[in-house]
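All residue numbers in this chain count up from 1 along the given sequence. Just the heavy atoms: all of them, side chains too, but no hydrogens, waters or symmetry mates, feed the values below.
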Amino acid sequence: MFNLPTKTRRAYRRFAGVLILASVAFLLVACSNSSAAAPSAPADPSPPAATASGEGSATEEIAEPNPGAGDEYRDDRSTAEAVIESYYNAINRQEYVRAYSYWEPEAAESELPPFEEFQEGYAQTVSVDLTIGTVTSDAGAGQLYYAVPVALVAEQTDGTTQTFVGCYQLHLANPAAQGEPPFRPMGIRSASIDQVPNDADIPSLLETACQE
């Protein structure tokens, strides 16, 4: 065993005592700091956010394609041209109830088939391209009448096209003379439409379409 000198042993004992006291003090301070630590935050009571999962999710229903859905909606009854344009806008958008409504109620009953047959009549029609000729008008006894020549090119579901030329007759009771509701807007009173060859001279046919 290695022996130290007497003075060195005494100094060593004093140094060891001081070291032990310092160690005890350090441990006491550490324990005190541990007990004074801030309490942990309470757990969030809200449930966790749901995570996306493909299992069990509802299948979104996909609507049937509408060939005319890209046409901007138009419902304008301010002029004869606007009524006919709105009428075919409804047909191209397959909004047949709206199309039916552009006819005067009495005219719809006498000039058109029942609504179900009217709608079925367009089952093979994808879209209708409309050309309007020169509109003429007449007035009498507070009534306004319009004649609208039209050319129609209808695209069919089988890829073929059909061309028609004819005339729509429209009517509007003078708005200032309508004293009781409901207001009756301008509406279609009658139509005379004939199929023509696809290569027909449309401008010439439009000029005479509304001549009696």
Side-chain angles (χ1 to χ4, degrees), residues 63-157 161-196 202 205-212:
E64 290 294 326
N66 184 346
D71 291 0
E72 183 178 355
Y73 176 85
R74 185 178 186 190
D75 180 14
D76 187 348
R77 303 173 192 242
S78 60
T79 67
E81 298 95 321
V83 171
I84 298 302
E85 289 170 351
S86 298
Y87 176 66
Y88 281 101
N89 173 264
I91 289 173
N92 283 337
R93 290 169 57 90
Q94 299 180 2
E95 297 166 358
Y96 301 116
V97 171
R98 179 162 69 93
Y100 206 80
S101 75
Y102 290 110
W103 286 77
E104 291 186 329
E106 298 82 0
E109 291 181 3
S110 62
E111 299 289 328
L112 298 180
F115 173 73
E116 292 74 13
E117 294 181 22
F118 172 83
Q119 177 175 272
E120 184 63 26
Y122 290 98
Q124 305 303 318
T125 302
V126 175
S127 64
V128 179
D129 183 55
L130 168 69
T131 301
I132 295 178
T134 302
V135 177
T136 58
S137 63
D138 191 14
Q143 308 297 315
L144 304 173
Y145 301 94
Y146 302 88
V148 183
V150 300
L152 311 169
V153 178
E155 180 183 351
Q156 306 300 301
T157 55
T161 59
Q162 296 178 348
T163 304
F164 302 85
V165 173
C167 182
Y168 281 96
Q169 302 287 340
L170 286 80
H171 165 252
L172 172 65
N174 191 332
Q178 297 191 43
E180 296 181 359
F183 176 76
R184 297 287 295 269
M186 187 184 305
I188 301 171
R189 170 162 285 193
S190 65
S192 177
I193 309 294
D194 297 312
Q195 186 171 357
V196 299
I202 298 302
L205 292 175
L206 285 173
E207 290 179 1
T208 60
C210 289
Q211 294 180 1
E212 295 181 356

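In plain terms, the two heavy atoms of Pro149 and Cys210 that are nearest each other are N-SG, 3.4 Å. When all heavy atoms of Gln211 and Glu207 are compared, the closest pair comes out as NE2-O, 3.4 Å. Nearest approach of Asn89 to Glu72, heavy atoms of both residues: ND2-O, 2.8 Å. Ala80 and Val135 make their closest contact through CB-CG1, 4.2 Å (heavy atoms, listed as atom of the first residue, atom of the second, distance). Taking each heavy atom of Thr161 and Glu155 in turn, the nearest pair found is CG2-CA, 4.3 Å. The two residues Pro113 and Tyr100 come nearest to each other via the heavy atoms O-OH, 3.0 Å.
Contact check for Leu130 versus Glu85: side-chain heavy atoms found under the 4.5 Å cut-off. With a 4.5 Å cut-off on side-chain heavy atoms, Ile188 and Val83 count as touching. Between Phe183 and Pro175, some side-chain heavy-atom pair lies under the 4.5 Å cut-off. You'll find the side chain of Gln94 stays beyond 4.5 Å of the side chain of Gln119, heavy atoms only. A 4.5 Å side-chain heavy-atom check between Leu152 and Asp129 finds every atom pair outside the cut-off. Residues Ile193 and Val165 form no side-chain contact, since every pair of their non-hydrogen atoms from C-beta on lies 4.5 Å or further apart. Thr134 is not listed as a side-chain neighbour of Leu206, based on a closest heavy-atom distance of 4.5 Å or more. Using a 4.5 Å heavy-atom cutoff, the side chains of Val153 and Gln162 are not in contact.
Annotation: Phe115 is not in aromatic contact with Tyr96 [ring centroid separation under 6.0 Å not met].
From Ile91, atom CD1 reaches atom CZ of Phe118 across 5.0 Å, with rounding to the nearest 0.5 Å. Atom CD1 of Ile84 is separated from atom CG of Leu170 by 4.5 Å, given to the nearest 0.5 angstrom. Summarising the geometry, atom OH belonging to Tyr73 is positioned 8.0 Å from atom OG belonging to Ser86; distances are rounded to the nearest 0.5 Å. How far CE of Met186 is from OG of Ser78: 7.5 Å, rounded to the nearest 0.5 Å. Separation of atoms CD (Gln169) and NE2 (His171) is listed at 12.0 Å; rounding is to 0.5 Å. One distance of note links OG1 of Thr131 with CG of Leu205; it measures 12.0 Å at 0.5 Å rounding.
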- Message: Between Gln156 and Thr125, does the side-chain contact (heavy atoms from CB on, under 4.5 Å) criterion hold? Intermediate values first, please.
- Response: CA-CA 5 Å; Gln156 306 300 301; Thr125 302; 4.2 Å; yes

- Stepwise side-chain contact (heavy atoms from CB on, under 4.5 Å) test for Arg189 and Glu111: CA-CA 8 Å; Arg189 170 162 285 193; Glu111 299 289 328; over 6 Å; no

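For the residue pair Ser101 and Arg77, a side-chain donor N or O sits within less than 3.5 Å of a side-chain acceptor on the partner. For the residue pair Thr157 and Gln124, a side-chain donor N or O sits within less than 3.5 Å of a side-chain acceptor on the partner. For the 3.5 Å distance criterion, the side chains of Tyr102 and Asp75 qualify, holding a donor opposite an acceptor.
In this structure a side-chain-to-backbone donor-acceptor pair under 3.5 Å is missing from Asn174 to Gln143. Although no hydrogens or angles enter the test, the distance criterion places a donor-acceptor pair under 3.5 Å between the side chain of Thr79 and the main chain of Ala82. In this structure, the side chain of Gln195 does not engage the main chain of Thr163 through any donor-acceptor pair within 3.5 Å.
Counted within 6.0 Å of CD on Glu120, heavy atoms from surrounding residues, nucleotides or ligands total 12 or fewer; the atom is thus considered open.
Between Glu106 and Arg184 there is a salt bridge, since a side-chain N of the basic residue sits under 4.0 Å from a carboxylate O of the acidic one.
Using bins of under 30°, 30° to 60° and over 60° for the plane-to-plane angle, the ring pair Trp103/Tyr87 lands in the perpendicular bin.
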